[in-house]
2 protein chains.
Amino acid sequence: MSAPHGAEGSGEVAEDLGGGRKRTGRRPGVTLSRHAILQAARSRFAEHGYAGASVRAIANDAGVDAALIHHFFLSKEGLFAASIHDALHPEAVVEAVLGGKGVRGTGERLVRTFLALWEGETTARQMRSILRSAASHEAAARILREFITQEVLVPIARTTGRTHPDVRASLAASQLVGLAMTRYIVEIGPLATLPQDDVVACVAPTLQRYLTGALPAPFDA
Amino acid sequence: MSAPHGAEGSGEVAEDLGGGRKRTGRRPGVTLSRHAILQAARSRFAEHGYAGASVRAIANDAGVDAALIHHFFLSKEGLFAASIHDALHPEAVVEAVLGGKGVRGTGERLVRTFLALWEGETTARQMRSILRSAASHEAAARILREFITQEVLVPIARTTGRTHPDVRASLAASQLVGLAMTRYIVEIGPLATLPQDDVVACVAPTLQRYLTGALPAPFDA
DNA sequence: TCCACAATTCAACGACAACTCAATTAAAAC
DNA sequence: GTTTTAATTGAGTTGTCGTTGAATTGTGGA
């Protein structure tokens, strides 16, 4: 969970004059507000989803007027897009998973790489934002859908040289998305508390089977 | 998807006097509004999640004044709770899955029963409501969490007589939740379009392994 | 030095949020 | 038939939403 001081702590440029009022006009020195806004947005979107996070609350967290958000990002949509921009580096993920080490450890490397995204401070917030928002915000759902299908799983499945790479890819996606939902969002039972290595050990065989194992009758019969 | 005339169609009791206005006071005959509200609420919550669905929009869909919702359900929270109430009948699910037919087909029966919930008109809306809202609304997340862990998966895992039933249960939950997310919410790739039987054939072995197979080293070594 | 521009806040807009209260009409209980 | 209770809307409260335009203050280039 985030520390009690929250996402503020970067925007302490503006000294306030009595009554919470801040001096208008540009501040001296380098500008930090844009970055502060992005960080606050990631936290809010990660905790409350797209609809539940308000521009004003984000601005407040960032220690900034709400209008500044529109100055930088034009709209709430724009802020959301920017806040999850480059959360997902497909090349990096694909590289980490394939890594030239042959096909046998693919399942394990896939879970491990995926879980790592959920442990890093910044990437975890972005992942939470995407998943939480994807459940009810179409733009987020589209981002998630296209990223998963086009940029990570299809390449992975294709390089394994098996049949029906798209089916294999979506099956693997279902297990990974479900893992994220149950471990990090809904926080179900032992899955939410098990050490990372145990989770990897349990789930990796499933992914390995989806990616390189035999598919049931309707497919390869 | 829902028909264009939407969730109305039941509340046609109130004839309107000119200008969209409706006569005040109680309507003659039996009262259908409560039911109409619940149906409209299920649709709205299913499509937009808790935060994205407004009481006014639901009232509008139901052809009813917004105040009537508060009269019946006291608050939006109350409406939400009522709208997903008895969506999940644990006994029925457990019965359908265990069904006295021994342990070998448990995985398959579990997926099949789960998918059936997502195909029925009413239950699908309730499932969508719960999952969409659970992603960002704590009350929904709690409902989902407790239902999954306490009322379905633990009993199922316990009756299989294997070690670590809670770990097995949460692993199975992760696959099922992920399946619902990818097939019905985010609609990823082939999973969203595959016929039900194919999905069952692909996923059942995973559940069977989680529930009755060998767990990896950290658990049974 | 002057000028274009970027950063920043204030004040407000119109829309809509959840919710309340009183009035009106019908059903149910007596 | 009278009284109580339930259903229903209208009008309104209070608050928040995303967004805008003008005003102010700093930065950087000519």
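Order of the sequence lines fixes the chain letters, A, B, ..., with proteins taken first and strands second; residue numbering starts at 1 for each chain. Only this structure's heavy atoms are used, side chains among them; waters, hydrogens and symmetry mates stay out.
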Participant: Quick one: do A/E108 and A/R112 make a salt bridge, cutoff under 4.0 Å?
Facilitator: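 The answer is yes: the pair qualifies as a salt bridge.
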Participant: Between A/L68 and B/Y50, which residue's closest nucleotide on DNA chain C lies nearer the 5′ terminus?
Facilitator: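 Looking at the nearest nucleotide for each, A/L68 comes out on the 5' side.
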Participant: Check the distance between C/dT25's C1' and B/H71's NE2 and give it to me in whole angstrom.
Facilitator: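 Distance check: B/H71 NE2 to C/dT25 C1' gives 13 Å.
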Participant: What is the distance from CZ of B/F72 to P of D/dT8, rounded to the nearest Å?
Facilitator: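 Distance check: B/F72 CZ to D/dT8 P gives 5 Å.
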Participant: Would you classify A/R56 as touching base, sugar-phosphate or nothing, given that sugar-phosphate means primed atoms plus P, OP1 and OP2, and contacts are heavy atoms under 4.0 Å?
Facilitator: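 Counting heavy atoms under 4.0 Å across all strands, the contact made by A/R56 includes a base.
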Participant: In whole angstroms, how far is the P atom of D/dC17 from the CG atom of A/N60?
Facilitator: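 Value for this atom pair: 10 Å.
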Participant: Taking atom P of D/dT9 as reference, at what distance in whole Å does atom CZ of B/R34 sit?
Facilitator: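 It is 16 Å, rounded to the nearest whole Å.
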Participant: Tell me which residues in residues 75-85 of chain B put a heavy atom below 4.0 Å from DNA chain D, sorted by number, or none.
Facilitator: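 Going residue by residue through residues 75-85 of chain B, none turns out to have a heavy atom under 4.0 Å of DNA chain D.
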Participant: With a 4.0 Å cutoff (strictly under), does any side-chain N or O of B/S33 reach OP1 or OP2 of D/dA7?
Facilitator: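 Looking at the OP1 and OP2 atoms of D/dA7, neither is under 4.0 Å from any side-chain N or O of B/S33.
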Participant: Identify whether any heavy atom of B/A53 sits under 4.0 Å from a base atom; if not, whether one sits that close to sugar-phosphate; answer base, sugar-phosphate or nothing.
Facilitator: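 Answer is sugar-phosphate: B/A53 comes under 4.0 Å of backbone atoms only.
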Participant: What distance separates A/L176 CG from B/T182 OG1, expressed to the nearest 0.5 Å?
Facilitator: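 Going from CG on A/L176 over to OG1 on B/T182, the span is 10.0 Å.
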Participant: From CG of B/D65 over to C1' of C/dC21, roughly how many Å is that when rounded to an integer?
Facilitator: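 Interatomic distance, CG of B/D65 to C1' of C/dC21: 13 Å.
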Participant: D/dA6 phosphate, OP1 or OP2: any side-chain N/O from B/T31 under 4.0 angstrom?
Facilitator: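 For D/dA6, OP1/OP2 do not have a side-chain N/O of B/T31 under 4.0 Å.
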Participant: Please report the distance, rounded to the nearest Å, between CD1 in A/I69 and P in D/dT20.
Facilitator: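 In whole Å, D/dT20 P and A/I69 CD1 are 14 Å from each other.
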Participant: If we ignore angles and hydrogens, is there a donor and acceptor under 3.5 Å between the side chains of A/T206 and B/Y210?
Facilitator: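 The answer is yes; a qualifying pair exists.
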Participant: Provide, to the nearest angstrom, the distance between the NE2 atom belonging to A/H70 and the C1' atom belonging to C/dA7.
Facilitator: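 Taking NE2 of A/H70 and C1' of C/dA7, I get 16 Å after rounding.
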Participant: Nearest whole Å is fine: how far is D/dA6 C1' from B/I37 CD1?
Facilitator: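 Computing the B/I37:CD1 to D/dA6:C1' distance gives 14 Å.
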Participant: Let me confirm one number: the CZ-OG distance from B/R132 to A/S136, rounded to the nearest 0.5 Å.
Facilitator: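 The CZ atom of B/R132 sits 7.0 Å away from the OG atom of A/S136.
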Participant: Rounded at 0.5 Å granularity, tell me how far CZ in B/F72 sits from NE2 in B/H35.
Facilitator: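 Going from the CZ atom of B/F72 to the NE2 atom of B/H35 covers 12.5 Å.
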Participant: Taking atom types as modelled and ignoring hydrogens, do the side chains of A/Y50 and A/E138 form a donor-acceptor contact shorter than 3.5 angstrom?
Facilitator: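 No donor-acceptor contact under 3.5 Å links the two side chains.
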Participant: Show, in sequence, the C-alpha distance, side-chain angles and deciding distance for A/S83 and A/Q126, and conclude whether the side chain to side chain donor-acceptor pair (under 3.5 Å) test is met.
Facilitator: CA-CA 7 Å; A/S83 79; A/Q126 289 169 314; over 6 Å; no
Participant: Enter the inter-axis angle for the ends of the helix from C/dT1-D/dA30 to C/dC30-D/dG1 (five pairs per end, rounded to 10°).
Facilitator: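 Inter-axis angle at the ends, rounded: 10°.
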Participant: Would you call the rings of B/F80 and B/H137 parallel, tilted or perpendicular, taking 30° and 60° as the class edges?
Facilitator: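 B/F80 and B/H137: perpendicular rings.
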Participant: Report the nucleotide, chosen from C/dC10, D/dT8, D/dT19, that has the shortest atom-to-atom distance to any side-chain atom of A/A67.
Facilitator: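 Selected nucleotide: C/dC10.
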Participant: Are any of the side-chain nitrogens in A/E47 or A/R42 under 4.0 Å away from the carboxylate oxygens of its partner?
Facilitator: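 Judged by the 4.0 Å cut-off on N to carboxylate O distance, A/E47 and A/R42 do not form a salt bridge.
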Participant: When every nucleotide of nucleotides 22-30 of chain D is labelled 5' to 3' by its protein contacts under 4.0 Å (heavy atoms), B for base, S for sugar-phosphate only, - for none, what sequence of letters results?
Facilitator: -BBBBS---
Participant: Kindly compute the distance separating CG (B/D65) from OG1 (B/T24), expressed to the nearest 0.5 Å.
Facilitator: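 B/D65 CG to B/T24 OG1: 9.0 Å, rounded to 0.5 Å.
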Participant: Looking at CD1 of B/I84 and CZ of B/F147, how far apart are the two atoms once the value is rounded to the nearest 0.5 Å?
Facilitator: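 Atom-to-atom, B/I84:CD1 and B/F147:CZ are 11.0 Å apart.
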Participant: Are A/E121 and A/R125 close enough, and set up right, to give a salt bridge (Lys or Arg N to Asp or Glu O under 4.0 Å), and what steps lead you there?
Facilitator: CA-CA 7 Å; A/E121 176 106 26; A/R125 269 198 278 262; 3.6 Å; yes
